[in-house]
Number of protein chains: 2
Amino acid sequence: MNEGVEWALHSCLNLTWVDDGQAVTAAKLAAFYELPAAYLNKQLQALARAGILTSTSGPRGGFRLARRPEDITVMDVVAAIEGPEEAFRCEEILRQGPGGHEDVDYRTTCVISQSMRRAELAWRRELSRQTIADLKATVESRFPYTPDSTRSWFANLRT
Amino acid sequence: MNEGVEWALHSCLNLTWVDDGQAVTAAKLAAFYELPAAYLNKQLQALARAGILTSTSGPRGGFRLARRPEDITVMDVVAAIEGPEEAFRCEEILRQGPGGHEDVDYRTTCVISQSMRRAELAWRRELSRQTIADLKATVESRFPYTPDSTRSWFANLRT
DNA sequence: GCCAAGATACTCGGATAAGATCTGTCCGAGTGCCGATGG
DNA sequence: CCATCGGCACTCGGACAGATCTTATCCGAGTATCTTGGC
């Protein structure tokens, strides 16, 4: 799984703590965790394409959340970075085997494909259950100072 | 996810249908689905290292199941091919952030890491629930002729 | 003092390399089988 | 006829390339801001 998933999730969470309507540049989001700025920018572009963030060019530009945190699931972010296709992609090798038919959809009939798909659905369901707002609430209950310290860090950025 | 996972699962299933004590060569298992023999061999080696198969060199050699199908879970096969480490590997970028501590294990405290881990556990649990014997039973109930036709295919291999 | 036009600095966005992993291939080491050979 | 020994064909196992994806970097297009000049 892409490293960018972790970066994207943390960046989305950080974006929930900046002042509303305030865009944050990829450079600032990257500096927060000392990440390569240009590469993080690439990941944020993917989030923008997926409709999770909105991007603004020019001075005072940057990224901000496109929807409310309650409406962004962890699955949305993962899918935006990793792509929509499943991790296990059934190549339907049964078709090449003896007795394989050309017109059968082995993605649905093959027992192995079904088993893998069932597991992946459980994974997706678990990721869809949690929203960015849930993560935010959990962090705030455990570390109450985080919102203020994060906001102020992005407000007066050092270096 | 590796293509080899699909190959390995199908091969394990096929091995449940050959006569007991009969070793099957990688070449035969590959020919069944028209797969590249040498590469499938590589995957089967991984299964052997994981203790799922036993391998025998020389004439009349090949691979056979090391344990009963009831004792081989789908997760075992996936882990043997993909490796034991998790798909989402938390790099603990919180440590690089402001307020990050050197001696904190963010793999367990970070909310994002927890969320991803929970989803992955659901995936693993689902894969561990199913054994090769379960797959075998399902196939046999849906396609009763499969065991015989598969066994005979491996017995008198054409081409 | 106010407005407008131009220059400017800033930011995203995509095009472009470097590295790592997956996919595929090849040949050598080891092993059991088969036949020849001698008793 | 039987046992033994040597050659041999077969199979796995790991070493060796090619392809694809991930990671990282750089520069150009567009834009809001600021400056400067004119009225």
Side-chain angles (χ1 to χ4, degrees), chain A residues 1-8 11 15 18 21-31 33-64 66 78 80-89 91 93 154 157, chain B residues 1-8 11 15 18 21-31 33-64 66 78 80-89 91 93 154 157:
Chain A
M1 175 164 299
N2 277 4
E3 173 70 8
V5 170
E6 187 178 0
W7 301 0
S11 294
L15 281 174
V18 301
Q22 188 82 358
V24 182
T25 69
K28 282 189 182 178
L29 286 168
Y33 296 117
E34 302 178 10
L35 303 174
Y39 189 34
L40 176 63
N41 187 23
K42 198 178 182 61
Q43 316 289 357
L44 297 178
Q45 284 175 35
L47 295 184
R49 271 194 298 271
I52 295 171
L53 303 182
T54 59
S55 62
T56 315
S57 279
R60 311 281 296 170
F63 295 91
R64 70 196 80 185
V78 171
I81 303 292
E82 288 283 296
E85 65 276 1
E86 302 186 351
F88 177 85
R89 45 187 199 286
E91 295 291 341
I93 63 176
F154 279 110
L157 180 64
Chain B
M1 175 164 300
N2 278 4
E3 173 69 9
V5 171
E6 187 178 359
W7 303 358
S11 294
L15 280 174
V18 301
Q22 189 81 358
V24 181
T25 70
K28 281 189 184 179
L29 286 168
Y33 296 117
E34 302 178 11
L35 303 174
Y39 189 33
L40 176 63
N41 187 22
K42 201 178 180 61
Q43 315 289 356
L44 297 178
Q45 284 176 36
L47 295 184
R49 272 194 298 273
I52 296 171
L53 303 182
T54 58
S55 62
T56 316
S57 280
R60 311 281 298 169
F63 294 91
R64 67 196 83 184
V78 171
I81 303 291
E82 287 285 293
E85 65 276 359
E86 303 185 352
F88 178 86
R89 46 189 199 285
E91 294 292 341
I93 64 175
F154 279 109
L157 180 63

side-chain contact (heavy atoms from CB on, under 4.5 Å) with B:F154: which of B:T25, B:L15, B:V24? B:V24
Just how far, in rounded Å, is [atom2] of [N] from [atom1] of [X]?
{"X": "A:Y39", "N": "D:dT23", "atom1": "OH", "atom2": "C1'", "result": "4 Å"}
{"X": "A:M1", "N": "D:dT23", "atom1": "CE", "atom2": "C1'", "result": "16 Å"}
{"X": "B:L29", "N": "D:dC10", "atom1": "CG", "atom2": "C1'", "result": "16 Å"}
{"X": "B:L44", "N": "D:dC12", "atom1": "CG", "atom2": "P", "result": "8 Å"}
{"X": "B:Q43", "N": "D:dC12", "atom1": "CD", "atom2": "P", "result": "14 Å"}
{"X": "A:E3", "N": "C:dT21", "atom1": "CD", "atom2": "P", "result": "13 Å"}
{"X": "A:N2", "N": "D:dT22", "atom1": "CG", "atom2": "C1'", "result": "6 Å"}
{"X": "B:E91", "N": "D:dT23", "atom1": "CD", "atom2": "C1'", "result": "12 Å"}

Using distance only, find each side-chain donor-acceptor pair of residues 40-50 of chain A under 3.5 Å and give its atom names and separation, not counting sequence neighbours.
residue: A:Q43; atom: NE2; partner: A:Y39; partner atom: OH; Å: 3.2

Locate the shortest heavy-atom distance separating B:I81 from B:G4; write the atom from each residue and the value. CG2-C, 4.2 Å
So which heavy atom on B:G51 is nearest to which on B:A66, and how close? O-CB, 3.4 Å
Using modelled atom types only, decide if a donor and an acceptor are shared between the side chain of A:R89 and the backbone of B:M1 within a distance under 3.5 Å. yes
For B:E34, check side-chain hydrogen bond (donor to acceptor under 3.5 Å, both in side chains) against everything at least two apart and list the hits. none
List for me each residue that meets side-chain hydrogen bond (donor to acceptor under 3.5 Å, both in side chains) alongside A:E91, sequence neighbours excluded, and say none if there are none. none
What N/O pairs connect the protein and nucleotides 14-16 of chain D at under 3.5 Å? Give each pair on its own line.
residue: D:dG14; atom: OP2; partner: B:Q45; partner atom: OE1; Å: 3.3
residue: D:dG14; atom: OP2; partner: B:R49; partner atom: NH1; Å: 3.3

What's touching nucleotides 3-11 of chain C from the protein side, N or O pairs under 3.5 Å?
residue: C:dT11; atom: O4'; partner: A:G58; partner atom: O; Å: 3.2

Only counting residues at least two apart or in another chain, list the ones meeting ring-ring contact (aromatic ring centres under 6.0 Å, His included) with A:F88. none
Evaluate A:R64 against A:V18 for side-chain contact (heavy atoms from CB on, under 4.5 Å), listing each step before the verdict. CA-CA 9 Å; A:R64 70 196 80 185; A:V18 301; over 6 Å; no
Which nucleotide in the set D:dT25, D:dT23, C:dG24 lies at the smallest distance from any side-chain heavy atom of B:P36? C:dG24
